[in-house]
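Indexing begins at 1, ligand by ligand and atom by atom, following the structure's order. When reading the values below, keep in mind they use all heavy atoms of this one structure, side chains included, and skip hydrogens, waters and symmetry mates.
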Amino acid sequence: MGAEAFATVESGSSKVPDHVAIIMDGNGRWAAANGVSRSKGHRKGADAVREAVEGAISCGVRYLTLYAFSSENWNRPPEEVTDLMGLLRMYLKKEVRTFAKEGVRLRVIGRRDTLAPDIRGLIEDAESKTRHNSRINLVIALSYGSREEIVMAARSIAEAVASGAETADQIDESRIGRALYTEGLPDPDLIIRTSGEQRLSNFLLWQAAYAEFLFSPVLWPDFTRETFTRAVAEFQSRDRRFGARP
Ligand code: FPP
């Protein structure tokens, strides 16, 4: 795909994906390939987040969801977890100012109760300060696991039924969707995973039912707004039928 691919992205076109979700992978391999620490790889990864947001804005994407820290990532060595949490603190403090300028509304999905209280505070502050922004919705998945999300949804619906507030036959797809962290968000149209790995890793399992997948060999720290634009162009060349006949 060359320069002509960029030309096919038309902002406002019905084929621009409304919601793009990204599994940001390859910080560690980028660090090893460049002879620097994993920590530096993650820092470069945080810079690439800005590229993705700018790419999404320029393409006219309205929702961008980034998988920043999975439930399973807590099992990494403690120094790396501390490092990633520190990076997140810095990101939340610094970016909240640019979010206002760029019209970015932030929302965090995942198990907030597992995060440090000061990080929870920063998240609440950023969500509240950006709530009137409407150019793009940036959703960051933090301490997020999709199976866990589905379990929590099942539990909350079971409680509503047990209390008599709802009946079992009222449970449908939309009710389940409303019990997930992603309540109110459209399903992702396009899911990108970087670094050549081809799996979902417990990300948006319910929501991905009709998503297009794009696996890019680019290591996350090398991801640029052009990588994003190319991914959108690739999406535009796909034929989505949602199970129906043409
Ligand atoms: C995967 O690379 C990346 C992560 C586990 C963390 C993602 C975090 C960032 C991109 C930076 C922080 C984000 C924000 C929003 C501030 P890996 O370490 O699994 O790489 P590897 O598979 O090559 O080892």
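A salt bridge is defined here as a Lys NZ or Arg NE, NH1 or NH2 lying under 4.0 Å from an Asp or Glu carboxylate O, and Glu149 with Arg111 fails to meet this definition.
Hydrophobic side-chain contacts under 4.5 Å tie Phe215 into a cluster, directly or through other members, with Ile23, Tyr63, Tyr67, Ile109, Val139, Tyr144, Met152, Tyr181, Leu185, Ile191, Leu200, Phe203, Leu204, Leu205, Phe213. In the hydrophobic clustering (ILVMFWY side chains linked at under 4.5 Å, chained through shared members), Val96 stands by itself. Counting Ile, Leu, Val, Met, Phe, Trp and Tyr side chains that sit under 4.5 Å apart, directly or through other members, Met90 shares a hydrophobic cluster with Leu87.
Following chains of ILVMFWY side-chain contacts shorter than 4.5 Å, one can reach Trp74 starting from Met24, so the two form part of one hydrophobic cluster.
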Ligand-protein N/O pairs under 3.5 Å (ligand 1):
unit_1   : atom_1 : unit_2 : atom_2 : d
ligand 1 : 2 (O)  : Gly26  : N      : 3.4
ligand 1 : 2 (O)  : Asn27  : N      : 3.3
ligand 1 : 18 (O) : Arg38  : NH2    : 2.9
ligand 1 : 18 (O) : Arg76  : NH1    : 2.9
ligand 1 : 19 (O) : Asp25  : OD1    : 3.4
ligand 1 : 19 (O) : Arg76  : NH2    : 2.8
ligand 1 : 20 (O) : Gly26  : N      : 3.4
ligand 1 : 20 (O) : Asn27  : N      : 3.2
ligand 1 : 20 (O) : Gly28  : N      : 3.0
ligand 1 : 22 (O) : Asp25  : OD1    : 3.2
ligand 1 : 22 (O) : Arg29  : NH2    : 3.0
ligand 1 : 23 (O) : Gly28  : N      : 3.3
ligand 1 : 23 (O) : Arg29  : N      : 2.7
ligand 1 : 23 (O) : Arg29  : NE     : 2.8
ligand 1 : 24 (O) : Arg38  : NH1    : 3.3
ligand 1 : 24 (O) : Arg38  : NH2    : 3.3

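Among Arg120, Arg105, Arg112, the one residue that satisfies the salt bridge (charged side-chain N to carboxylate O under 4.0 Å, His left out) test with Glu127 is Arg112.
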